[in-house]
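First the structure, in the form of structure tokens, and then the observations on it.
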Amino acid sequence: MIRLDGLGKRYPDGTVAVDSLDMGVGRGELIALVGPSGCGKSTTLRMVNRLIEPTSGRIVLDGDDVTKVSTVQLRRRIGYVIQQVGLFPHLTVGANVATVPRLLGWEKGRTRERTAEMLDLVGLPAGTYADRYPHELSGGQQQRIGVARGLAADPDVLLMDEPFGAVDPIARDRLQGEFRRIQSDLHKTVLFVTHDIDEAVRLADKIAVFSEGGRLEQLADPASVLGAPANQFVADFVGSDRGLRRLAVQPVEEQDLVQPPVVRLADRAADARAAVDRAPEGYAVVVDDAGDLRGYVGGPALAQAPGDAAVEDVARRFGETVELGTYLRVALSELVRHDAGWLPVVAGDRYLGVLTPEAVYAALRRTVPGDGGVDAEQERPLLKAV
Ligand code: ADP
């Protein structure tokens, strides 16, 4: 969709913001550009829509060299969302969202319809908000208007420069969640600059880690950047707590689960006791004939039950289960809330195994590459602490 070929920018004062950047962005892909301040992220972004003219190289958008396309045409294909929104203060919210369609000469009815649709999309219905002025909105709401404006002309590509950088952490969390929802519907091709590695991990399909001069140190999915940093620069940038960050992108998988004894509803309590006694866990999971999760047995309730009682009569239900594919971070937080330190994992109703803190640890270890990555020795004690 987008290809940057040897792209470079030398400012008139001689600063080489971006030396020679080669990078590809697939259709519908969201790539987060991260890296220390001044490494050329914003310059790169602004070269794509030619707010900044490159001094070398090419940008190819869907096969077209965009250095040869008129900027008006280009802006129709590329939406732009920036920090502190850049809303026009003297224009209503509706007029702000309609900026690009108007510039493009859309017919009035169509512009109005599209504006209302975009306001709905970002959760600020036109009936209530279209006639307000930006200063009558909270920071988070203004930021949403920025997103609505960026999407108004239905561009193929969206460029976002720290779009949620200026709001408080709670509003930011909500904006990120909403933007994920919007992106999962629209599948825009997005380049997203952020200084917040957690935001990148949460939103991006791939993370591009830059060092000074717009040097691309690694371009990979978040789990790989965190689990297998390409070099020391990337490892340092994503932080020594990247093991913990990986919890946010690593799903619960079947191979990591613990398998305690399993008994059936119709089994006798005596048999369940024998099964529990043979295993280290101290409990057994109860399933029905279809393999669906029905509860667990163990502890005094099982010890004191008559031997010929049915498991069904002594089984206890689970308050919580974890769905296969849940991110480890969410699963771990459920585990922490749950006294026993283990939770059953299901796909629908079907029982698959048990998640324990050790299983979480095993999952994180499994995803560290064979050679242990850049400094796996530093990371191990951290993972153990999980
Ligand atoms: P980032 O977005 O990663 O923080 P920028 O792309 O804004 O980085 O800046 C990259 C480098 O280019 C920095 O050294 C910055 O000081 C420099 N720079 C940015 N804009 C200009 C400009 N208009 N003139 C000269 N140097 C600039």
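Counting starts at 1 for both ligands and their atoms, in listed order. Hydrogens, waters and symmetry mates play no part in the numbers below; they use all other heavy atoms, side chains included.
Within a 4.0 Å radius of atom 16 (O) of ligand 1, the protein contributes no heavy atom. For atom 25 (C) of ligand 1, the nearest protein heavy atom lies under 4.0 Å away.
Remark: among candidates P12, G14, S42, G35, the nearest residue to atom 7 (O) of ligand 1 is S42, based on non-hydrogen atoms.
Minimum heavy-atom separation, V18 to L7: CG1-O, 3.4 Å. The two residues M118 and L151 make their nearest non-hydrogen contact at SD-CB, 3.8 Å.
T15 and D13 are linked by a side-chain donor-acceptor pair at a separation below 3.5 angstrom, with hydrogens and angles left out of the test.
The shortest contact between atom 12 (O) of ligand 1 and any protein heavy atom is with A17 CB, 3.3 Å. Counting only heavy atoms of the protein, atom 13 (C) of ligand 1 lies nearest to G38 O, 3.5 Å. Among all protein heavy atoms, the one lying closest to atom 9 (O) of ligand 1 is T43 OG1, 3.8 Å. At the top of the distance list for atom 18 (N) of ligand 1, counting protein heavy atoms only, stands Y11 CE1, 3.3 Å.
Ligand 1 has an N or O atom lying under 3.5 Å from an N or O atom of G40, backbone or side chain. Residue contacts with ligand 1: T44 is placed with no nitrogen or oxygen under 3.5 Å of a nitrogen or oxygen of the ligand (distance criterion only).
For ligand 1, the atoms sitting less than 4.0 Å from at least one non-hydrogen atom of S37 are 4 (O), numbered in the order shown with element in parentheses. For ligand 1 and T15, the ligand atoms under 4.0 Å from any heavy atom of the residue are 12 (O), 14 (O), 17 (C), 26 (N).
For D156 and R27, the salt-bridge test fails: no basic side-chain N is under 4.0 Å from an acidic carboxylate O.
In terms of modelled atom types and a separation under 3.5 Å, the side chain of E212 and the main chain of C39 share no donor-acceptor contact.
With contacts defined as side-chain heavy-atom distances shorter than 4.5 Å, the pair M160/F179 qualifies.
For the side-chain contact (heavy atoms from CB on, under 4.5 Å) with L159, the lone residue among I78, T44, V81 that qualifies is I78.
Rounded to the nearest 0.5 Å, atoms CG (L158) and CG (L30) are 8.5 Å apart.
Within the structure, ligand 1 has C39 among the residues with a heavy atom less than 4.0 angstrom away.
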